[in-house]
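Residue indices begin at 1 and follow the sequence shown. We count ligands from 1, going down the list as the structure has it; atoms in each ligand are counted the same way.
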Amino acid sequence: MRTQAGRWQRARPDRTRRVRVRRGRVRRHGPRPLVRVASALLAGLWAAALLAAADAQANGFASLEGHGGPVMAVDISEDGARALTGSFDNSVGLWDAERAAPIRWLDGHEAAVKAVRFIDARRAVSGGDDMTARIWDLETGEALHVLEGHTGVVEAVAVSPDRRLVATASRDRRVGLWDVESGAHLGWLEGHGGPVNDVAFADGLIFTAAADGTIRSWDPATRQMKRIMLRHGFGVTAVLVDPARGWLVYGAQDGGTRVIDLATDALLADLTADRRPVLALAESPDAGQLAIGDGQGHIMVVNTADWSVVSDFRAALRGPIWALAWDGAGTRLLAGGIADSAHFWPVGAKAAGPLMDARNRPFLRDPATMSNGERQFQRKCSICHALTEDGVRRAGPSLAGIFGRKAGTWPGYVYSDAVARSSIVWSEETIDALFAIGPEHYIPGTKMPAQRITDPQDRADLIAFLRDNS
Ligand code: HEC
């Protein structure tokens with residue numbers, strides 16, 4: 001594998017010139033005096049936002065604000081003090097879990113982040129749509145290793161109990177094994193007949209769950225499959241193994257949620273509800289409670305002593321619960337979904353909590369209320385691009401003042417080498433060409449995803465909208 005240290009060094013933003021603005025959003029700028037005055041003012045706003053967060057915290061609810069895209073992965077450190085989030089905005093957030101405040105952003109992934117895990121107090125691993133996983137130094141925010149070799153999206157990551165190995169589950173039907181210290185690739189677990197959705201270490205083995213409907217166990221040393229533990233009629237989306245309790249829990253595409261005895265494969269409990277798919281499973285630190293998140297925005301919490309339902313609530317107004325994690329005390333759940341923030345819920349609270357709300361996401365607005373150009377933008381661009389300098393983190397640079405702008409010059413945005421080196425100046429003609437033939441052909445090597453807008457009228461309407469609104 002290549003560590004890409006050089007590339008990372010170049011791409012790394014200068015941390016001394018970073019300033020936080022508004023509720024955890026981070027913007028970078030030059031050290032101009034005027035900006036320093038502005039940043040002092042913004043620090044006041046920041047403090048006010050923290051107070052508001054502390055207020056909400058009093059009843060146990062809190063949200064982690066600052067991402068500019070849906071939150072697809074969450075984790076909480078073993079001591080419960082810190083949280084990790086992975087987002088569609090390409091970044092990983094490291095948070096103070098108590099104060100619900102961001103500590104630092106880990107930038108480097110070139111597409112959505114799908115999986116995050118703490119390795120130990122100092123390091124974490126993430127994986128995502130750019131088909132890589134990254135091992136991060138949480139103190140400096142630098143990538144220690146870029147784990148390359150997958151030919152499909154990385155859907156899940158797991159860390160061995162001795163913290164020496166990382167496993168990456170991918171849509172390329174393989175699981176990669178990597179050495180944490182050196183970042184070296186140790187080999188592949190191969191044999192699944194479909195994308196691998198989840199992976200877990202337990203009992204000296206690796207467990208994998210895949211779209212082929214099977215759960216398999218593997219020997220990490222030989223990388224050979226031990227056995228097919230289970231054949232479920234539908235794709236298995238999540239797996240959780242607790243060797244101390246001797247059980248394996250899995251969730252599936254059809255909503256199937258079952259607890260299996262690790263030794264005998266006997267069915268211990270069937271928790272299947274009429275919701276699908278199951279997307280997230282999390283066990284509380286004392287193993288006393290199990291949380292299940294589904295595609296319809298519910299979280300169900302089950303008491304593992306008798307498998308009774310402790311609470312069952314809608315956590316997102318719309319869209320799925322992609323990720324769940326328990327806090328250190330086992331009293332709060334952290335969840336990620338289609339909203340730009342991850343939310344903490346006190347488990348068993350009497351009052352209903354605030355729902356994760358994505359109503360004002362522009363791409364969910366009623367298309368009938370928009371011109372064709374705006375519709376094109378909202379549907380095809382807005383999830384990655386702002387039209388103003390709003391400081392919200394998104395996967396792509398702001399398009400504010402795009403006409404006449406030289407490619408690769410939005411301050412503080414980390415471009416691909418291809419765009420950074422390009423001599424293109426954005427105009428009606430160049431933006432038209434970008435989507436007539438597709439970014440991957442217009443600027444080979446760009447990290448903007450392949451997409452074409454084939455209808456010339458749609459392109460003209462989009463460009464007219466950009467003219468009026470950027
Ligand atoms: C999934 C995310 C995503 C979507 C959707 C997307 N872009 Fe991008 N876009 C990016 C990224 C990432 C870059 C930076 C590319 C690079 O550095 O290689 C970019 C770069 C650009 C640039 C060059 C900006 C500069 O500063 O040089 C333009 C122009 C642009 N996009 C326009 C659009 C338009 C218009 C749409 C909708 C039709 C769109 N993009 C859709 C992610 C996206």
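The nearest heavy-atom contact from the protein to atom 34 (C) of ligand 1 is Phe435 CZ, 3.2 Å. Here the protein heavy atom with the shortest distance to atom 26 (O) of ligand 1 is Tyr415 OH, 2.6 Å. Here the protein heavy atom with the shortest distance to atom 5 (C) of ligand 1 is Lys380 O, 3.1 Å. The protein atom (non-hydrogen) at minimum distance from atom 18 (O) of ligand 1 is Ser416 OG, 2.5 Å. Counting protein heavy atoms only, atom 6 (C) of ligand 1 is closest to Gln451 NE2, 3.4 Å.
Under the side-chain contact (heavy atoms from CB on, under 4.5 Å) criterion, Ala238 pairs with Asp198, Leu281, sequence neighbours left out. Scanning for side chain to side chain donor-acceptor pair (under 3.5 Å) contacts around Asp212 gives His192, Thr214, Arg216, with sequence neighbours left out.
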For residues 398-412, which side-chain N or O atoms pair as donor and acceptor with protein atoms under 3.5 Å away, sequence neighbours left out?
from	atom 1	to	atom 2	distance (Å)
Ser398	OG	Thr388	O	2.7
Ser398	OG	Ala400	N	3.1
Arg405	NH1	Ser398	O	2.9
Arg405	NH1	Ala400	O	2.8
Arg405	NH2	Ser398	O	2.9
Lys406	NZ	Ser422	O	3.1
Thr409	OG1	Lys406	O	2.6

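For the pair Trp426 and ligand 1, the shortest N or O to N or O distance falls below 3.5 Å. Residue contacts with ligand 1: Arg405 is placed with a nitrogen or oxygen under 3.5 Å of a nitrogen or oxygen of the ligand (distance criterion only). Checking only distances, Thr446 does come within under 3.5 Å of ligand 1, N or O to N or O.
Within the structure, ligand 1 lacks Phe377 among the residues with a heavy atom less than 4.0 angstrom away. Residue-ligand proximity: Glu110 is placed with every non-hydrogen atom at 4.0 Å or more from ligand 1. No heavy atom of Ala418 sits closer than 4.0 Å to any atom of ligand 1.
For the atom pair Ser182 OG and Ile135 CD1, the distance stands at 8.0 Å (nearest 0.5 Å).
The minimum heavy-atom distance linking Ala133 with Val125 is given by the pair CB-CG2, 4.4 Å.
Residues Leu94 and Phe118 form a side-chain contact, since some pair of their non-hydrogen atoms from C-beta on lies under 4.5 Å apart. You'll find the side chain of Val301 reaches within 4.5 Å of the side chain of Leu333, heavy atoms only.
Residue Tyr413 approaches ligand 1 through these ligand atoms, each under 4.0 Å from one of its heavy atoms: 11 (C), 12 (C), 14 (C). Set against the non-hydrogen atoms of Leu462, the atoms of ligand 1 under 4.0 Å away are 38 (C).
Protein atoms of type N, O or S found under 2.8 Å from atom 8 (Fe) of ligand 1 total 2.
A 6.0 Å sphere centred on CD of Glu139 holds more than 12 heavy atoms belonging to other residues, nucleotides or ligands.
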